[in-house]
Amino acid sequence: MRDSLLLNSHFQPIYSLAHRRTVGMEALLRASEKEVSLSPLEVYQRYIRRDERVAMDLAVCAAHCQRFAAAGHAQRWLFLNVDAMTLSDPDYADQLGALITESGIAPQSVVLEVLEQAIELDARLLEGVALLREQGCLLAIDDFGVGHSNIDRVCSLEPDFVKFDRHLLRSAVTQQRTRTLLSRLVRLMHEIGALVVVEGVESDSDVVVALDSGCDLVQGYYVARPAAVPDSDQLITPRLDAKWDELMNRELLRRKLNRRQMELSRQAFVQTAIALMQGSEFEVAAKPMLQLPDVIRCFLLDQEGRQQGRNLNSGRNGNGDNLRFSPLEDTTGAVWSRRAYFQHAIDQPGVLYMSEPYLSMTDTRICVTLSMAIEIDEVQHVLCSDVLMPGAGRSL
């Protein structure tokens with residue numbers, strides 16, 4: 001390494017939405033040579049040989065650790081970007097563990113960030129990661145969601161954190177489908193035991209989408225810019241609290257409207273169920289439901305989950321792509337016994353149930369299904385109705 005190269009550190013807060021405080025700091029390289037600033041990429045591109053590149057990586061990590069320790073960031077994690085080459089050799093990984101300890105930082109306070117796209121999952125990398133985790137370090141997969149992201153790769157490493165790439169957030173701000181996907185990816189990461197950090201939070205819209213996704217931690221210019229001495233929580237928390245209050249007010253209004261809509265749907269659904277139990281024809285009994293603006297269709301299942309007859313469609317909320325999915329349109333005789341709306345209804349006869357939002361196989365729209373087990377001519381059936389309305393699965 002050149003003697004004229006100066007390595008400095010900036011830190012960017014990583015903020016817990018639930019705790020309402022900064023819980024981590026990502027260390028970012030700020031380098032210069034002869035008073036000319038160099039980007040991290042420009043620094044690392046100078047070192048082509050593996051041993052030189054790892055030596056630079058270890059020197060950068062050492063500088064970050066020393067400055068973090070000197071700043072006295074108690075009860076906070078230090079997020080360190082580590083080159084995959086460093087982790088892929090147990091000897092180098094051991095050196096990294098030693099310099100962390102020598103800096104005075106507890107290994108349990110260090111989160112090693114590895115680019116998701118750089119991971120090859122060879123035995124040597126896994127060995128290096130295992131060595132550092134045995135010492136107490138935590139692991140974060142960085143830039144998940146960009147390029148060819150691989151769930152298998154993430155699961156194999158069992159990370160403590162997964163950092164979602166900023167491009168995933170950008171897409172979620174402008175596209176509702178990606179926004180829904182973002183929330184589901186957060187839940188998936190939680191299921192494999194990882195906390196989720198959403199990166200690139202830079203605007204009001206970014207904050208709202210990040211808050212709505214259910215993620216655990218946020219990072220970005222809106223929270224705080226990288227700096228040698230970054231913003232304190234006295235500055236960060238009021239900014240995020242204002243957005244949180246705005247989101248909660250919107251959520252309360254949405255829930256109020258949804259409750260009103262669901263109450264109308266519930267009343268019409270019960271009316272249809274009573275008419276069926278009293279002997280009315282299905283087409284006649286279903287009219288109250290099909291007249292509601294958000295109802296897509298009604299259908300009837302037998303006690304084994306097999307559909308009786310065709311769907312009764314409302315004729316509204318038409319999907320312009322219906323012809324593309326016409327092979328799925330006729331559901332006569334289809335078996336829906338594996339669907340949660342059937343299982344909950346059959347387990348609790350007479351109780352009205354609303355499913356989680358899901359993709360309808362009939363016309364590929366997101367819907368929820370209302371269902372209830374009733375007796376028609378002394379034989380148990382399940383009445384169902386698909387509704388264009390988001391909501392959590394629950395008994396009503």
Side-chain angles (χ1 to χ4, degrees), residues 1 5-14 22-32 37-47 50 52-69 71 73 76-89 92-93 95-97 99-100 103 105 107 109-120 125 128-129 131-133 135 137-147 149 153-154 157 159-167 194-200 217-221 223-228 230:
M1 289 182 289
L5 184 65
L6 298 178
L7 304 178
N8 290 306
S9 305
H10 276 192
F11 297 97
Q12 186 171 33
I14 296 175
T22 299
V23 295
M25 293 281 189
E26 179 176 355
L28 300 167
L29 176 62
R30 294 294 183 266
S32 62
S37 297
L38 300 173
S39 70
L41 182 60
E42 289 174 321
V43 172
Y44 277 88
Q45 282 180 337
R46 296 180 173 197
Y47 304 99
R50 178 187 178 93
E52 290 182 338
R53 186 180 180 91
V54 172
M56 167 55 67
D57 196 44
L58 292 173
V60 170
C61 289
H64 290 331
C65 288
Q66 291 163 9
R67 290 189 176 89
F68 184 83
H73 293 296
R76 288 177 177 174
W77 288 299
L78 168 62
F79 282 71
L80 277 179
N81 292 284
V82 183
D83 196 305
M85 285 189 183
T86 304
L87 293 176
S88 296
D89 188 312
Y92 293 142
Q95 292 179 45
L96 176 58
L99 70 85
I100 289 171
S103 71
I105 303 173
S109 297
V110 175
V111 181
L112 306 172
E113 287 193 34
V114 186
L115 287 172
E116 197 251 336
Q117 297 302 312
I119 298 172
E120 294 299 335
L125 182 138
V129 168
L131 187 152
L132 287 160
R133 298 191 82 173
Q135 295 180 21
C137 293
L138 292 84
L139 178 67
I141 302 299
D142 195 14
D143 281 355
F144 178 80
V146 64
S149 286
R153 198 157 47 198
V154 174
L157 279 175
D160 303 285
F161 301 88
V162 175
K163 301 186 77 173
F164 284 9
D165 177 73
R166 67 186 65 238
H167 295 95
L195 297 175
V196 174
V197 185
V198 170
E199 297 184 289
L217 311 173
V218 289
Q219 179 181 1
Y221 286 177
V223 180
R225 290 178 174 270

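Numbers for residues simply follow the sequence, beginning at 1. Side chains are part of it too, since the values below use all heavy atoms of this structure and drop only hydrogens, waters and symmetry mates.
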What closest approach, in Å, do Leu78 and Ala27 show between heavy atoms, and which atom pair accounts for it? CD1-CB, 3.8 Å

With sequence neighbours left out, write down each residue that passes side chain to side chain donor-acceptor pair (under 3.5 Å) with Glu199, or none if nothing qualifies. Lys163

Mind checking what makes salt bridge (charged side-chain N to carboxylate O under 4.0 Å, His left out) contact with Arg166, not counting sequence neighbours? Glu202

Sequence neighbours excluded, which residues qualify as side-chain contact (heavy atoms from CB on, under 4.5 Å) partners of His10? Arg30, Pro226, Ala228

Across all chains, not counting sequence neighbours, the side chain to side chain donor-acceptor pair (under 3.5 Å) partners of Arg67 are Asn8, Ser9

Partners passing salt bridge (charged side-chain N to carboxylate O under 4.0 Å, His left out) against Arg133 (at least two apart in sequence or in another chain): Asp160

Given Leu125 and Leu157, is the side-chain contact (heavy atoms from CB on, under 4.5 Å) satisfied, shown in steps? CA-CA 10 Å; Leu125 182 138; Leu157 279 175; 4.1 Å; yes

Inter-residue atom distance Leu112.CG - Asp142.CG, 0.5 Å rounding: 12.0 Å

Within the 4.5 Å heavy-atom criterion, are Thr22 and Arg76 side-chain neighbours or not? yes

Taking it one step at a time, do Leu115 and Asn81 satisfy side-chain contact (heavy atoms from CB on, under 4.5 Å)? CA-CA 8 Å; Leu115 287 172; Asn81 292 284; 6.0 Å; no

Non-hydrogen atoms of Ala194 and Pro159 that approach each other most closely: CB-O, 3.5 Å

Report yes if some heavy atom in the side chain of Asp57 is under 4.5 Å from a heavy atom in the side chain of Met85; otherwise report no. no

Distance from Leu29 atom CG to Leu38 atom CG, nearest 0.5 Å? 9.0 Å

So, applying side-chain hydrogen bond (donor to acceptor under 3.5 Å, both in side chains) with Gln12, which one of Glu26, Arg225, Gln219 is it? Gln219

Would you say the side chain of Gln135 lies within less than 4.5 Å of the side chain of Ile100, judging by non-hydrogen atoms? no

Not counting sequence neighbours, which residues clear side-chain contact (heavy atoms from CB on, under 4.5 Å) with Leu58? List them please. Val54, Thr86, Gln95, Leu96, Leu99

Any Leu7 side-chain heavy atom under 4.5 Å of Leu5 side chain: yes

To the nearest 0.5 Å, how far apart are CG in Leu138 and CG in Leu80? 11.5 Å

ring-ring contact (aromatic ring centres under 6.0 Å, His included) involving Phe161 - partner list, sequence neighbours excluded: Trp77, Phe79

So, using side-chain contact (heavy atoms from CB on, under 4.5 Å) as the criterion, who are the partners of Ser39 when residues are at least two apart? Leu41, Glu42

Which residues share a side-chain contact (heavy atoms from CB on, under 4.5 Å) with Ala93, sequence neighbours left out: Leu132

Run the side chain to side chain donor-acceptor pair (under 3.5 Å) test against Ser109 and tell me which residues pass, sequence neighbours left out. none

